[in-house]
*Asks:* 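Sharing a structure below in structure tokens format, with a few things to ask.
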Amino acid sequence: MDWTPHALLAGVLLRWLVSLWPHSGAATPPLFGDFEAQRHWLELTTHLPAAQWYAYDVLYWGLDYPPLTAYHSWLLGRAALAINPDWVALDASRGLESPDLKLFMRYTALITDVVINMTAIGAFARFCCKNRTRAEQTLLLFLALIQPALILIDHGHFQYNSAMLGFSLWTVICLSQKRYVLGSIFFCLALGFKQMALYYSLPVFFYLLGVSFGIAKREGAVAGFIKLAQIGATVILTFGLLFAPFLSSTSNLLQVIHRIFPVDRGLYEDKVANFWCAISVLVKVKKLFPVETLVRFSIIATLIGVLPTSINLFLAQRNSGDTTPRRLLLGLLTGSLAFFLFSFQVHEKSILIPLMPATMLLLDNAWEGSFFITTAMFSMYPLLRRDGLVIPTLALTLLFNLLFGWGAIFGSQAKAGLFVKIFVFGCYLFMGCLIFGEELVNAVPIPRYPDLYVVVNSFVSCNIFILLYLRYSFVQLFEELEVTPTSAKKKVE
């Protein structure tokens, strides 16, 4: 029996159930939250010319994502305008939270997820797991569709991260099938939708560079140069088309870039579980160094974290002429996790980026992925708690662990060693105690330490993320990964 339709139905059902809960910033003027930001962008793109999209009243949820997000907002805004113009009335619709508008916005998130992300997950399970049994392919599909983090952020909190992550997964699919030009287009679309796809940029760059050097090594320098030129031209042309409406003047283009990369916002926002926030418990780096110095620190630390596994991708591709999806996913995971831990201006929701490859690796690295997903949910708990999503957060996290995660770590067939099991169990016990203390013992913040639970959460989560980064890096760099022999490789496009 084919269980694929059941897995797809389960994914859609969980998304719909979560959408019944509150969204970010519900009934909290004057700025409300991400729900209002997404709705406001529909309003901007529908009524204003493209030249004003990134300049109009930037203090009230000014557009700060790349052009593909703006085009997506314009498309949804046209649909909203046709159904009910009041939903996107310029300025007059600010803060609107009517039930019919909420339903419309929830459906747009679901349709975006289904069309771009869920189709990519299905294609990956089908075309990139051919060495797996049909049951294993369906299991991976099911696990990826019930992964709680993306469901809660996109369909609870409310965003459209599924588009960027879906385009990124389509990139993996195309590259693993040696469709390098098409893969480059998909990655440009991911970057064009959300700049956080830059977390994947160095691994993808080194992978494609290795492709070109590998072709040059086997077929001659001219063939390698042609492949590199094809990829470069594809990237330039794709970005040129995405940014075309803003190329009419230098000031327009600079305004778009300034909005997409707001360096003046600081090293991090809120209490995010990355290195800079965690170390600030001991050393107040934001007070000790100017922003320019912190930018340099973050760039150096990020490069140190990303380069080892990215260079490994380059060497594997150059030497063998092929890289399995597993190695590529490991490179994306470690590279994006290093970006999350050490880069500038990180949001807690950015943990979704390394979670995508970790989720697609669950059949190979089950205990690591399960521990990662649970810790990621714990790290986002303060954000989801503010949104009124405690119950669905706990429910979906427990559901994932009951169906897979717990057995992957503590089951009789689990690959985790005794020390790992003891360590993970201790971490889970601590997480449970911290949540219990925050919800029941000290439901009202402690006057002297109002952010105590959030600070402890970010510090603990960050340290676990660092350990997982080291673990995944070890797997990629030192464990034997299957590589298709050059002689068996098909001719690339």
Side-chain angles (χ1 to χ4, degrees), residues 19 23-25 31-98 100-117 150 153-168 188-197 238-239 241-248 252-253 255-262 347 349 352:
S19 72
H23 55 74
S24 63
L31 290 177
F32 301 91
D34 276 338
F35 177 90
E36 169 62 9
Q38 305 293 334
R39 187 215 59 79
H40 181 59
W41 295 347
L42 272 60
E43 167 193 341
L44 291 181
T45 55
T46 300
H47 292 284
L48 299 174
Q52 296 184 39
W53 287 356
Y54 289 88
Y56 185 81
D57 195 6
V58 296
L59 296 180
Y60 186 84
W61 294 119
L63 184 58
D64 56 4
Y65 282 169
L68 191 55
T69 285
Y71 306 145
H72 177 258
S73 297
W74 175 85
L75 181 63
L76 301 181
R78 300 304 298 180
L81 192 64
I83 298 171
N84 187 342
D86 292 340
W87 294 344
V88 288
L90 188 62
D91 296 335
S93 60
R94 292 185 178 186
L96 186 64
E97 295 180 339
S98 61
D100 54 352
L101 170 63
K102 292 180 183 179
L103 184 63
F104 171 80
M105 295 295 288
R106 292 298 194 186
Y107 273 124
T108 64
L110 181 60
I111 292 171
T112 301
D113 198 338
V114 170
V115 171
I116 303 175
N117 183 55
L150 180 61
I153 293 300
D154 272 23
H155 303 277
H157 176 86
F158 197 85
Q159 282 189 328
Y160 297 103
N161 295 287
S162 61
M164 180 267 290
L165 295 173
F167 286 135
S168 300
C188 290
L189 294 179
L191 285 168
F193 198 90
K194 282 200 172 185
Q195 60 269 44
M196 281 77 79
T238 306
F239 276 120
L241 291 173
L242 288 174
F243 281 84
F246 311 100
L247 299 178
S248 58
N252 282 347
L253 182 60
Q255 176 66 13
V256 174
I257 294 173
H258 173 71
R259 291 296 301 161
I260 294 173
F261 300 106
H347 296 263
K349 299 183 290 294
L352 293 175

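Residues take their numbers from the sequence shown, with the count starting at 1.
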*Asks:* Do Arg259 and Leu63 have side chains that get closer than 4.5 Å, going by heavy atoms?
*Replies:*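 Answer no - side chains too far apart.
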*Asks:* Heavy atoms only: give me the nearest Tyr60-Leu31 pair and the separation to one decimal.
*Replies:*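 The answer is CD1-CD2, 3.5 Å.
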*Asks:* Looking at Trp41, is its backbone amide N or carbonyl O close enough to the side chain of Trp61 to form a donor-acceptor pair, meaning the two atoms are under 3.5 Å apart?
*Replies:*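 Here the side-chain-to-backbone pair does not exist.
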*Asks:* Counting N and O atoms only, with roles assigned by atom type, does the side chain of Gln195 sit under 3.5 Å from a partner on the main chain of Asp64, one being a donor and the other an acceptor?
*Replies:*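 Yes; judged by distance alone, with no hydrogens or angles, the pair exists.
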*Asks:* Rounded to the nearest 0.5 Å, how far apart are CG of Leu76 and OG1 of Thr45?
*Replies:*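 Atom-to-atom, Leu76:CG and Thr45:OG1 are 8.5 Å apart.
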*Asks:* Does Phe158 form a ring-ring contact (aromatic ring centres under 6.0 Å, His included) with Tyr160? I'd like the steps, not just the answer.
*Replies:* CA-CA 7 Å; Phe158 197 85; Tyr160 297 103; 5.3 Å; yes
*Asks:* Output yes when a side-chain donor or acceptor of Tyr54 lies under 3.5 Å from a complementary backbone atom of Gly62, and no otherwise.
*Replies:*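 Side chain of Tyr54 to backbone of Gly62: no pair is present.
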*Asks:* Side chains of Phe32 and Arg39: closer than 4.5 Å at any heavy-atom pair?
*Replies:*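 No, their side chains stay 4.5 Å or more apart.
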*Asks:* Between Ser19 and Tyr107, is any pair of side-chain heavy atoms under 4.5 Å apart?
*Replies:*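 When only atoms from C-beta onward are counted, Tyr107 and Ser19 do not touch, as no gap falls below 4.5 Å.
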*Asks:* Backbone N or O of Gln159 within a donor-acceptor pair of the Gln38 side chain at under 3.5 Å?
*Replies:*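 Not confirmed, Gln38 side chain does not pair with Gln159 backbone.
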*Asks:* Parallel under 30°, tilted from 30 to 60°, perpendicular over 60°: which one fits the rings of Phe246 and Tyr71?
*Replies:*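 Parallel: the ring planes of Phe246 and Tyr71 meet at under 30°.
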*Asks:* Is there a side-chain contact between His40 and Asp57, using heavy atoms and a 4.5 Å cut-off?
*Replies:*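 Result no, sub-4.5 Å side-chain heavy-atom pair not found.
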*Asks:* Applying the ring-ring contact (aromatic ring centres under 6.0 Å, His included) criterion to His72, which one of Phe193, Tyr65, Phe167 satisfies it?
*Replies:*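 Among Phe193, Tyr65, Phe167, the one meeting ring-ring contact (aromatic ring centres under 6.0 Å, His included) with His72 is Phe193.
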*Asks:* Could you give the distance from OG (Ser168) to NZ (Lys194), rounded to the nearest 0.5 Å?
*Replies:*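 Result: 11.5 Å between the selected atoms.
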*Asks:* Checking the side chain of Thr46 only, and the main-chain atoms of Trp74 only, is there a donor and an acceptor separated by less than 3.5 Å?
*Replies:*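 Pair absent, no side-chain N/O of Thr46 close to backbone of Trp74.
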*Asks:* Between Leu150 and Asn117, is any pair of side-chain heavy atoms under 4.5 Å apart?
*Replies:*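 Yes, their side chains come closer than 4.5 Å.
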*Asks:* Compare every heavy atom of Asp154 with every heavy atom of Ser162, then report the nearest pair and how far apart it is.
*Replies:*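 Of all heavy-atom pairs spanning Ser162 and Asp154, the closest is N-OD2, 2.8 Å.
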*Asks:* Identify the two heavy atoms, one from Val88 and one from Ser93, that lie closest to each other, and give their separation to 0.1 Å.
*Replies:*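 Looking at all heavy atoms of both residues, the shortest contact is C-OG, 3.7 Å.
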*Asks:* Please name the pair of heavy atoms, one in Pro66 and one in Gly192, separated by the smallest distance, quoted to 0.1 Å.
*Replies:*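 In terms of heavy atoms, the two residues are closest at CB-O, 3.0 Å.
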*Asks:* Nearest 0.5 Å, please: how far is CG in Leu44 from CH2 in Trp53?
*Replies:*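 Result: 9.5 Å between the selected atoms.
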*Asks:* Please find the pair of heavy atoms, one from Ala51 and one from Asn252, that lie closest to each other, and give the distance.
*Replies:*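 For Ala51 and Asn252, the tightest heavy-atom pair comes out as CB-ND2, 3.8 Å.
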*Asks:* I need the Glu36 CD to Met105 CE distance, nearest 0.5 Å.
*Replies:*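 The CD atom of Glu36 sits 8.5 Å away from the CE atom of Met105.
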*Asks:* Is the backbone N or O of Ala163 less than 3.5 Å from a side-chain atom of Thr112, with the two atoms forming a donor-acceptor pair by type?
*Replies:*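 Here the side-chain-to-backbone pair does not exist.
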*Asks:* Would you indicate whether the side-chain heavy atoms of Leu101 and Asp86 approach each other to under 4.5 Å?
*Replies:*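 No - every pair of side-chain heavy atoms lies 4.5 Å or more apart.
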*Asks:* Would you compute the distance between atom OG1 of Thr238 and atom CG of Leu68 and round it to the nearest 0.5 angstrom?
*Replies:*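 CG of Leu68 is found 11.0 Å from OG1 of Thr238.
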*Asks:* Keeping Arg78 on the side-chain end and Leu42 on the backbone end, is there a donor-acceptor pair under 3.5 Å?
*Replies:*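 No, because the side chain of Arg78 does not come within donor-acceptor range (under 3.5 Å) of the backbone of Leu42.
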*Asks:* To check you understand the geometry: which heavy-atom pair defines the closest contact between Pro85 and Leu81, and what is its length?
*Replies:*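 Scanning both residues completely, I find the closest heavy atoms to be CG-O, 3.4 Å.
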*Asks:* Under a 4.5 Å cut-off applied to non-hydrogen side-chain atoms, are His157 and Lys349 in contact?
*Replies:*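 Yes, their side chains come closer than 4.5 Å.
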*Asks:* Ignoring hydrogens and angles, tell me if any N or O in the side chain of His23 forms a donor-acceptor pair with the backbone of Arg106 under 3.5 Å.
*Replies:*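 The answer is no, because no donor-acceptor pair under 3.5 Å joins these two groups.
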*Asks:* Find out whether Met164 and Leu352 are in side-chain contact, i.e. whether some heavy atom of one side chain is under 4.5 Å from a heavy atom of the other.
*Replies:*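 Sidechains of Leu352 and Met164: no contact.
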*Asks:* Has Glu43 got a side-chain atom pairing as donor or acceptor with Asp91's backbone, closer than 3.5 angstrom?
*Replies:*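 A pair under 3.5 Å: yes.
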